[in-house]
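First up is the structure itself, then whatever we jot down about it.
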Amino acid sequence: NYGVVGTGTFNNAGELRKVLNTTVVSSPFNPTFNNQATGVVNVNSGTLTVSGALTQSGTINVATGATFTKSGGFINSGTLTGTGTISAGLGFDLTNASGGIIAPGIGLNSTGTLSITGNLQMQVGSTLNIDINGSGSGQFDVLSVTGMAQPGGSILNLVGAGGAGSYAVLTATGGGINSTTFGTIN
């Protein structure tokens, strides 16, 4: 395990890349982590844990088998993407704020499953981008939530030539999907 030593604020306006299969934590000193609009956090392996306050307006990309953790929940006003796990902590919320984007997979027309540990609350004006390349398993993106998911009138963008059909693009195993639907489906 490695840690960020010190206090104050860590401002990321470039790229922070975690590549070793270790756990990196920002404790016990708990600096504030500010992932600015131009900031990119790539968690390529292992776990990156933010223990202090988190301001997330940049991009967080989590690779398959990797985890980004912010226990106690956080608000996303940037972009969350990838095929790994984003953990807000059991019983806590990841809130996708107006302007925030969640995009499972690793790019346009490249499908995958992004997992969220905790609850998901999507606010009006936030977006879920889903690629659909077919109706078979692995041919469309999935956002898998371990708690409750609340679409909250947000935007669902469906991209690709998957054709007509029924696709389970949002799953919530620990509390179901709130009856609130997406406000717009494109």
Side-chain angles (χ1 to χ4, degrees), residues 1-90 92-120 122 126-131 133 138 140-147 157 159-160 169:
N1 289 352
Y2 297 92
V4 175
V5 178
T7 60
T9 301
F10 181 88
N11 290 307
N12 181 38
E15 180 185 17
L16 173 65
R17 186 181 316 160
K18 185 185 174 309
V19 294
L20 297 175
N21 194 16
T22 58
T23 299
V24 176
V25 296
S26 64
S27 62
F29 299 101
N30 298 322
T32 296
F33 182 68
N34 182 11
N35 194 36
Q36 299 172 351
T38 58
V40 177
V41 175
N42 285 314
V43 185
N44 295 334
S45 65
T47 301
L48 176 62
T49 300
V50 175
S51 299
L54 171 66
T55 301
Q56 162 45 20
S57 55
T59 298
I60 298 175
N61 179 40
V62 186
T64 301
T67 302
F68 176 86
T69 299
K70 173 57 181 103
S71 294
F74 69 96
I75 297 171
N76 173 54
S77 58
T79 300
L80 303 176
T81 187
T83 53
T85 300
I86 296 174
S87 178
L90 293 174
F92 290 98
D93 294 339
L94 186 162
T95 301
N96 200 34
S98 180
I101 298 169
I102 299 177
I106 52 175
L108 188 61
N109 293 321
S110 180
T111 61
T113 298
L114 180 63
S115 299
I116 294 176
T117 302
N119 299 318
L120 172 66
M122 296 187 67
S126 68
T127 302
L128 175 59
N129 288 337
I130 298 291
D131 291 319
N133 297 328
F140 56 91
D141 288 335
V142 175
L143 180 59
S144 176
V145 181
T146 63
N157 286 328
V159 178
V169 299

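The structure displayed is predicted, hence computed values, not measured ones.
Distance check, rounded to the nearest 0.5 Å: OG of Ser87 to CG of Leu48 gives 12.0 Å. Distance check: Asn35 CG to Thr59 OG1 gives 7.5 Å after rounding to the nearest 0.5 Å. Taken to the nearest 0.5 Å, the CG atom of Leu54 stands 6.0 Å off from the CD1 atom of Ile60. Distance check: Asn119 CG to Thr146 OG1 gives 7.5 Å after rounding to the nearest 0.5 Å. With rounding to the nearest 0.5 Å, the separation of OG1 in Thr81 from CD1 in Ile106 is 9.0 Å. One distance of note links CD1 of Ile116 with CG of Leu143; it measures 4.5 Å at 0.5 Å rounding.
A search for side chain to side chain contact (heavy atoms under 4.5 Å, CB included) contacts involving Asn133 returns Asn109, Thr111, not counting sequence neighbours. Shown here are the side chain to side chain contact (heavy atoms under 4.5 Å, CB included) partners of Thr127, two or more places apart in sequence or in another chain: Ile101, Asn129, Ile155, Asn157.
Across Lys18 and Thr47, no two heavy atoms sit closer than the pair CE-O, 3.1 Å.
Among the candidates Leu114, Ile130, Thr113, the single residue satisfying the side-chain contact (heavy atoms from CB on, under 4.5 Å) test with Asp141 is Ile130. When the options Val40, Asn44, Val43, Val41 are evaluated for a side-chain contact (heavy atoms from CB on, under 4.5 Å) with Arg17, the one that passes is Asn44.
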Ignoring hydrogens and angles, write down the donor-acceptor pairs under 3.5 Å from the side chains of residues 66-78, residues two or more places apart or on other chains.
unit_1	atom_1	unit_2	atom_2	d
Lys70	NZ	Gly52	O	3.2
Asn76	OD1	Gln56	NE2	3.0
Asn76	OD1	Gly78	N	3.1
Asn76	ND2	Gly78	O	3.3
Asn76	ND2	Asn96	OD1	2.7
Ser77	OG	Gln56	O	3.1

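The side-chain heavy atoms of Val50 and Phe10, taken from C-beta on, include no pair separated by under 4.5 Å.
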